[in-house]
2 protein chains.
Amino acid sequence: MQYLKIKEILVEQIETGLLQARQKLPSERKMAEAFSTTRVTLREALGSLEAEARLYREDRRGWFVCPKPLRYDPRLTLNFVEMAKQQGREAVSELIFAKQTLATKKTSKLLQVTMLTELYHLARVRYLEQRPVVYVVNYIKAEYFKNLFDHDYVQSLTTTYQQHYSVSYQRTHYRVSTTSLFGDIAQALRATSGSPAMLVERTNYDQQGRLIDCDLEYWRHDAICIESVAELIEVPN
Amino acid sequence: MQYLKIKEILVEQIETGLLQARQKLPSERKMAEAFSTTRVTLREALGSLEAEARLYREDRRGWFVCPKPLRYDPRLTLNFVEMAKQQGREAVSELIFAKQTLATKKTSKLLQVTMLTELYHLARVRYLEQRPVVYVVNYIKAEYFKNLFDHDYVQSLTTTYQQHYSVSYQRTHYRVSTTSLFGDIAQALRATSGSPAMLVERTNYDQQGRLIDCDLEYWRHDAICIESVAELIEVPN
DNA sequence: GAGTGGTCTAGACCACCCG
DNA sequence: GGGTGGTCTAGACCACTCG
C-alpha cells in the first residue's frame with residue numbers, strides 16, 4: 001500500500017508547515033519520481049487527499065494545499081463578503097449573469113409558483129483570497145422586486161432587499177448534500193470536472209412569511225464547514 | 001473522454017430503473033469488456049459516480065446503486081430508528097463498544113471539562129435496510145448519568161436520558177464537513193478505505209443549558225441529506 | 001478454488017498553461 | 001515551446017469473498 005505511505009508523508013509536510021496553505025505542489029511527474037512510483041499511484045494518493053479536503057486542484061494547473069474552511073451559519077443573513085470579513089478572510093463576489101426569465105417546471109417547484117411566473121435568475125462566483133470557492137445561483141420572485149437590476153445585486157442581495165424594498169429574510173429552509181462539479185460550474189471554480197462538492201440549497205422567507213427567493217450554492221467541498229445552533233423540537237410518537 | 005460516456009450510460013440505466021437501488025453491478029472486468037476499455041478507465045467512471053452519490057461500493061464486494069438518502073434534521077431529538085421509520089425506512093442500531101474512560105486532551109475540549117473527568121465512551125453502527133451507513137461515537141459526561149450502562153443505551157440514548165434521568169436535549173450545536181473513511185470506521189461501514197464521507201459533530205445541551213454529551217457521526221456521504229429550517233438572526237455591522 | 005476488487009507498473013498521446 | 005495535468009492502454013500480483 002504505497003499510496004498510503006505517500007499520503008502520510010504529504011500530510012506530515014502539511015502539518016509541519018513544510019507545505020503551506022495555498023502552496024502549489026511540485027508536478028506529478030516530479031513527485032512520482034521522488035516517491036519512486038508511477039503517476040497512477042501518486043494520483044491515487046493525491047485524489048484521496050482531495051477527498052479528505054487536505055489538497056485541492058485547479059484544472060490543468062496542479063495541486064495545492066487547502067486553506068482553512070470558511071465557517072458558514074445558515075442562520076446569518078450576512079452577505080458573503082461580510083461573513084468572510086468577520087472571520088478575517090478576504091472575499092469578492094463576481095457576476096456571471098443576471099437575467100429575467102419565466103419559471104420552468106423545475107424552478108416553479110422550487111419557488112412554489114405556477115409555471116411562467118416572472119423570475120430573476122442570477123449566477124455569481126465567490127472568491128476567498130483570490131480563489132473561487134462557490135458558484136451561487138439565485139431565483140428570485142420578480143413581483144416583490146420591481147426593477148431589481150437598477151440596484152446593486154452583485155455584492156449583496158440582502159442589503160438591496162432591505163434598503164430598496166423593505167424586505168428582510170426571516171426564515172430559511174436549507175438542505176445540504178454532497179455532489180460533484182461539472183461543466184460551467186466546474187469551469188467557473190477552476191475545478192476539474194468531477195471534483196467533490198457540497199450543495200447547499202436554500203429557500204428564503206421574508207418577515208411576512210412569504211417565499212421570496214432561493215439559492216443553489218455549489219461549494220468546493222474543502223472550502224466550507226457548516227456550523228450552527230438549533231433549538232430542539234419535541235416530536236410526539 | 002471515454003469515462004464520461006460510460007458515466008452517462010450508467011446514469012441512464014439507473015434513472016430508467018434498469019439498475020435498481022441497492023442492486024450490485026457486474027464485475028469490473030465484465031464491465032470493462034462491455035465498454036471496450038480497461039479497468040483503470042472504468043474505475044475512473046465508477047469513482048466519479050461514487051463522488052456524485054449515485055454508486056457506492058462495499059470493500060472487496062463490488063459496486064452498488066445508491067438508494068435515496070435519509071433526510072436528517074438536526075432539530076429533531078428523534079432517535080435514529082424512529083427517524084428512519086417516519087420516512088418509511090427500516091433501521092437498526094448495533095453496539096461496537098461501550099466503556100467508561102477519563103477525558104483526554106481532545107475530549108476535554110469537546111465537552112469543555114477538565115482532563116480526567118469521568119466519561120462514557122460509546123460507538124455504534126447504524127444500518128438502513130441492512131446497509132451500514134453511519135458510525136456514531138458518543139462521549140457523555142458521566143456525572144449526570146450514574147450507572148448509565150444498567151439501562152438500554154444502544155437503541156436510543158435520548159429515551160434513556162429522559163426516562164431514567166429526566167434529562168432531555170434542548171439545544172444542539174452542530175458542525176457539518178466532508179472527510180473520508182479509514183481504518184475501523186471504514187471497516188465497520190464495509191467501506192473501502194478513503195471513501196467519501198460526511199462528518200456531523202454535535203454538542204448537546206439539556207433543559208438547564210448544561211452541556212451533557214457530544215456525538216461524532218461519520219456518514220457514508222450518499223446516505224444522508226441534511227435538511228432543516230432556521231430563524232434568521234439580525235447581525236449588527 | 002474461481003473470481004473479485006485493490007493496488008501497482010511502465011509506458012503513451014493530447015490539449016492546455018505558462019514563461 | 002516545454003512541461004503540465006487529464007486521459008488511456010495492457011498488462012500484473014495479491015488478498016479477499018463467495019459459492
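Throughout, a chain's letter reflects where its sequence line sits, starting with A, and its residues are numbered from 1. A quick note: this is a predicted structure, and the numbers were derived from the prediction, not measured.
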Participant: Send over the distance from B:Arg190 CZ to D:dT17 C1', rounded to a whole Å.
Facilitator: 13 Å

Participant: Looking at C:dT9, I'd like to know if its phosphate oxygens (OP1 or OP2) sit under 4.0 Å from a side-chain N or O belonging to A:Thr37.
Facilitator: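 Answer yes for this pair, as a side-chain N or O of A:Thr37 is under 4.0 Å from OP1 or OP2.
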
Participant: Applying salt bridge (charged side-chain N to carboxylate O under 4.0 Å, His left out), which residue pairs with at least one partner in residues 18-30 of chain B are found, sequence neighbours left out?
Facilitator: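 For residues 18-30 of chain B, and leaving out neighbouring residues, the salt bridge (charged side-chain N to carboxylate O under 4.0 Å, His left out) pairs sorted by first residue read B:Arg22-B:Glu129, B:Glu28-B:Arg39, B:Glu28-B:Arg43.
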
Participant: How is B:Ser193 classified with respect to the nucleic acid when contacts are heavy atoms under 4.0 Å: base, sugar-phosphate, or nothing?
Facilitator: nothing

Participant: State plainly whether the residues A:Glu52 and A:Lys7 are in salt-bridge range, i.e. N to O under 4.0 Å.
Facilitator: yes

Participant: Evaluate the criterion salt bridge (Lys or Arg N to Asp or Glu O under 4.0 Å) for residue pair A:Glu227 and A:Arg75; output intermediate values, then yes/no.
Facilitator: CA-CA 10 Å; A:Glu227 197 168 343; A:Arg75 293 173 307 160; over 6 Å; no

Participant: Whether A:Arg124 engages the ring of A:Phe97 as a cation-pi pair (distance to the six-membered ring centre under 6.0 angstrom, angle to the ring normal within 45°) should be assessed.
Facilitator: no

Participant: Can you tell me the distance, in whole Å, between the CD atom of B:Glu33 and the C1' atom of C:dG3?
Facilitator: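 Taking atom C1' of C:dG3 as the reference, CD of B:Glu33 is at 14 Å.
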
Participant: Checking the side chain of B:Glu94 only, and the main-chain atoms of B:Arg126 only, is there a donor and an acceptor separated by less than 3.5 Å?
Facilitator: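 Absent.
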
Participant: Sort me out a list of protein N/O and nucleotides 4-6 of chain C N/O pairs below 3.5 Å, or just none if empty.
Facilitator:
{"unit_1": "C:dT4", "atom_1": "OP1", "unit_2": "B:Ser27", "atom_2": "OG", "d": "3.3"}
{"unit_1": "C:dG5", "atom_1": "OP2", "unit_2": "B:Glu28", "atom_2": "N", "d": "2.8"}
{"unit_1": "C:dG5", "atom_1": "N7", "unit_2": "B:Arg29", "atom_2": "NH1", "d": "2.8"}
{"unit_1": "C:dG5", "atom_1": "O6", "unit_2": "B:Arg29", "atom_2": "NH2", "d": "3.0"}
{"unit_1": "C:dG6", "atom_1": "OP1", "unit_2": "B:Thr192", "atom_2": "OG1", "d": "3.0"}
{"unit_1": "C:dG6", "atom_1": "OP2", "unit_2": "B:Arg43", "atom_2": "NH1", "d": "2.8"}
{"unit_1": "C:dG6", "atom_1": "OP2", "unit_2": "B:Arg57", "atom_2": "NH1", "d": "3.3"}
{"unit_1": "C:dG6", "atom_1": "N7", "unit_2": "B:Arg39", "atom_2": "NH2", "d": "2.8"}
{"unit_1": "C:dG6", "atom_1": "O6", "unit_2": "B:Arg39", "atom_2": "NH1", "d": "3.0"}

Participant: Would you sort out whether B:Thr160 and B:Asp152 count as a side chain to side chain donor-acceptor pair (under 3.5 Å), showing the intermediate values?
Facilitator: CA-CA 7 Å; B:Thr160 304; B:Asp152 168 53; 4.6 Å; no

Participant: Between D:dT7 atom P and B:Lys5 atom NZ, what is the distance in whole Å?
Facilitator: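 Answer to the nearest Å: 16 Å.
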
Participant: For B:Phe35 and D:dC8, what is the distance between atoms CZ and P respectively, to the nearest whole Å?
Facilitator: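 Going from CZ in B:Phe35 over to P in D:dC8 covers 13 Å.
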
